[in-house]
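First up is the structure itself, then whatever we jot down about it.
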Amino acid sequence: MSSCATLFGGKVTEYQKTRPAAGQPQREIRVGALVADVLLFWPSLAVDFATGAIYKPQQKAASN
């Protein structure tokens, strides 16, 4: 069983694991991992969504 985002996405952060509250912006999905999961083995999407690995890590704020 292959879950592209889980295997190749690196460490899953707390931001990726936590569901956004009402009114907060939604997390962005890693499109490449999504496409790879669909093409290679679509049931692996469940693993990636369950672990939060399918979501992009939080962007760091730019400092001036």
Side-chain angles (χ1 to χ4, degrees):
M1 194 151 116
S2 165
S3 303
C4 292
T6 302
L7 293 175
F8 304 113
K11 184 179 178 189
V12 177
T13 64
E14 196 61 37
Y15 172 79
Q16 291 169 289
K17 293 180 189 176
T18 307
R19 174 178 256 160
Q24 289 184 334
Q26 298 296 311
R27 298 170 287 179
E28 292 183 40
I29 293 179
R30 295 178 178 183
V31 177
L34 177 69
V35 170
D37 280 345
V38 169
L39 293 176
L40 297 175
F41 188 66
W42 65 266
S44 63
L45 279 173
V47 175
D48 284 344
F49 277 104
T51 62
I54 196 79
Y55 300 108
K56 292 181 181 179
Q58 186 175 19
Q59 299 295 324
K60 294 180 181 177
S63 59
N64 291 335

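Positions are given from 1 along the sequence. Only heavy atoms go into these numbers, but all of them, side chains included; no hydrogens, no water, no symmetry mates.
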**Asked** Can you list the steps and then say if Lys17 with Tyr55 is a side chain to side chain contact (heavy atoms under 4.5 Å, CB included)?
**Response** CA-CA 9 Å; Lys17 293 180 189 176; Tyr55 300 108; over 6 Å; no
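For the residue pair Pro57 and Arg30, the shortest heavy atom distance occurs at CD-NH2, 3.3 Å.
Side chain of Thr18 to main chain of Tyr15: no donor-acceptor pair is present (N/O by atom type, distance under 3.5 Å, no hydrogens or angles).
Each of Ile29, Val47, Val12 was evaluated against Ile54; a single residue qualifies, Ile29, per the side-chain contact (heavy atoms from CB on, under 4.5 Å) test. Considering Val38, Val31, Asp37 in turn, Val31 is the only one that fulfils the side-chain contact (heavy atoms from CB on, under 4.5 Å) rule with Val35.
Atom NZ of Lys56 and atom CD of Gln16 lie 11.5 Å apart (nearest 0.5 Å).
A search for side-chain contact (heavy atoms from CB on, under 4.5 Å) contacts involving Gln24 returns Pro20, Ala21, not counting sequence neighbours.
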